[in-house]
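Heads up, the thing below is written out as structure tokens.
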Number of protein chains: 2
Amino acid sequence: MSLEQSVVRNHLLAMLPAQEFQALAPYLVPVDLPARQILQHPSEPIRALYFVEDGWISLLMALQDGSSVDIGIVGREGMIGTPILLGSDRSIVEAMVQRAGSGLRLDAQHLQDALRASPSLRQLLMHFSLALMTQVGQMVACNRRHPIEQRLVCWLLMAHDRGDGDDLPMTHEALAATLGVRRASISVAAGALQKAGLIRYASGRITILDRAGLEAAACECYSVVCAEYRRLLGNDGAV
Amino acid sequence: MSLEQSVVRNHLLAMLPAQEFQALAPYLVPVDLPARQILQHPSEPIRALYFVEDGWISLLMALQDGSSVDIGIVGREGMIGTPILLGSDRSIVEAMVQRAGSGLRLDAQHLQDALRASPSLRQLLMHFSLALMTQVGQMVACNRRHPIEQRLVCWLLMAHDRGDGDDLPMTHEALAATLGVRRASISVAAGALQKAGLIRYASGRITILDRAGLEAAACECYSVVCAEYRRLLGNDGAV
DNA sequence: ATTATTTTGTGTGATAACGTACCGATCTTT
DNA sequence: AAAGATCGGTACGTTATCACACAAAATAAT
């Protein structure tokens, strides 16, 4: 009883030609992605790719002082496991489920078979890798030059794109860890956004009230990265 | 009369099996890389890959305020043109020659032929792309958390690794643009390093005096990224 | 040699963000 | 309902870095 492409929410898989998807389907295993699960641990071999169906995954870089910084975010527009695609079973980048959801697992040892079964898959995955690289690159500049409030807005928009509704299950504390700043700084920045009527929040839940207003308040980084996702993955592939 | 592998200084090409290199050689065109030449322009199609032989190339992300930030640096351990490898002839990342040198050009339309001629090449290029991705990711965290002086040291070490001697032809102004900070901040940071006897500088030239001392003064980012280059490209591939 | 240009040193005040701390509000557990 | 834990608001002093400005030193051009 095989997986139906029509019910797949992952954009990469949804874009595959129907026949290729059918050939690929036997390798795909539906899995839950509970919050805080680590899909890619810096010190352990990566055993599988994950095509995200729901929720979103943070790519983190841990520092020696114990802090860590988000270098990218992946939702149903993408997958976790670019190192495998690029020929290594390790990476110092950590991938952690930030918003619980589900995904389709493709075991690493089947990747070559899967690529044979679906010739379009390689191109899609490589394009996604490039889009992700662009996102990470933009983050370098963003972290260097843009103030906390804009970075926060940028993050909220990216998370909103990858979520199901207008609610984001994040505390100020979690956001602070994600953006690599103090919790108090988030409280101040989020307070300003709430006062401006762009968002509302209460105990661990942030609600997007004015999407257009947020887009206007974000730094360029949001739209630049979005445009690149669209260019590489098409309007349907982009979030 | 073909290119001799023994005289090639690019580490990726040097690591190829001799036979594969011979098959690839006809596609490689020696080129000069004058300072400030742009190998990859955000708004133009990328027509070629460049295997760096000498000098180094900055990967830049330009921002709307007119500033730009270095997201990575490539020397003879690598190549310019990962977007082509990953299936796109465009990228919003700019590649500019920062220290003049030379390279071997592989025209984009020959890449597929080249990959057929040298099966090892794809794996090497993908490993390099992953190493570069790691470097960029670490830069995100570094820019977020580490002070200017450490970032400067980090950059000096990376440039030193990729250069020929202990002299780096960079003004404070150029360094400021590279690191995305004020020129005065560089003068202060560099002044401290000079006072500590780690470097010496004069009008557009920085000399590395105490390599070990610099390594001790750098943030973790330098060694983390180095280790990843070594892991992925081997001791000979790493800078 | 003189003049212009580039490069570096330095100072002043402003600002963003930090570390830390404490309190009240809200949620969870019992 | 009470107690405990988590979450958010706010404040204080500190530090890193900024923007701007100007002069001294070094280099290049005439």
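Protein chains get the first letters and strands the later ones, always in sequence-line order, with residue 1 at the start of each.
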Taking NZ from K195(B) and P from dT8(C), how many angstroms apart are they, rounded to a whole number? 17 Å
So, Q135(B) versus Y229(B): side-chain donor-acceptor pair below 3.5 Å or not? yes
Please report the distance, rounded to the nearest Å, between CG in N143(B) and P in dA16(D). 17 Å
Of all the choices, dT17(D), dG9(C), dG9(D), which nucleotide is nearest to the side chain of S187(B) once you look at every atom? dG9(C)
Using whole Å, what does the distance between atom C1' of nucleotide dG9(D) and atom CG of L193(A) come to? 15 Å
Earlier contact from the 5' end, DNA chain C, for V188(B) and E149(A): V188(B)
Describe the nucleic acid contact of R145(A) in one word from base, sugar-phosphate, nothing, applying a heavy-atom distance below 4.0 Å. nothing
Indicate, with a heavy-atom threshold strictly under 4.0 Å, whether I148(B) touches base, sugar-phosphate, or nothing. sugar-phosphate
Find out whether V93(B) and M61(B) are in side-chain contact, i.e. whether some heavy atom of one side chain is under 4.5 Å from a heavy atom of the other. yes
Counting the atoms with a prime plus P, OP1 and OP2 as sugar-phosphate, which does R205(A) contact under 4.0 Å by heavy atoms, base, sugar-phosphate, or nothing? nothing
Output the single nucleotide from dT8(C), dT10(D), dT20(C) whose closest atom is nearest the side chain of R183(A). dT10(D)
As a test of reading the structure: which of dT26(C), dT10(C), dA17(C) is closest to the side chain of S203(A), going by heavy atoms? dT26(C)
Minimum-distance nucleotide (side-chain atoms of H172(A) versus dG8(D), dT8(C), dC18(C)): dG8(D)
Which nucleotide in the list dT7(C), dC20(D), dT20(C) gets nearest to the side chain of A184(A)? dT20(C)
Return no unless some side-chain N or O of Y201(A) is found under 4.0 Å from OP1 or OP2 of dT26(C). no
Do the charged groups of R200(A) and D166(A) touch, with an N to O distance under 4.0 Å? no
Do the side chains of D89(A) and I84(A) get nearer than 4.5 Å, heavy atoms only? yes
Rounding to a whole Å, what distance do you find between L175(B):CG and dT17(D):P? 15 Å
For the base of dA17(C), is there a side-chain donor-acceptor partner from R182(A) under 3.5 Å away? no
I want to confirm an ordering. Mapping V181(A) and A202(A) to their closest nucleotides on DNA chain C, which one lands closer to the 5' end? V181(A)
Say whether R231(B) and S88(A), considering side chains only, have a donor N or O and an acceptor N or O under 3.5 Å apart. yes
Rounding to a whole Å, what distance do you find between L179(B):CG and dA16(D):C1'? 15 Å
Separation of dA16(D) C1' from R144(A) CZ (nearest whole Å): 10 Å
Applying a 4.0 Å non-hydrogen cut-off, can you work out what A190(A) is touching in the nucleic acid: base, sugar-phosphate, or nothing? nothing
To the nearest Å, how far apart are I186(B) CD1 and dT17(D) C1'? 12 Å
Just wondering, do E94(A) and S68(A) contact through their side chains at under 4.5 Å, heavy atoms? no
Atom-pair distance (CD on Q194(A); P on dG8(D)), nearest Å: 10 Å
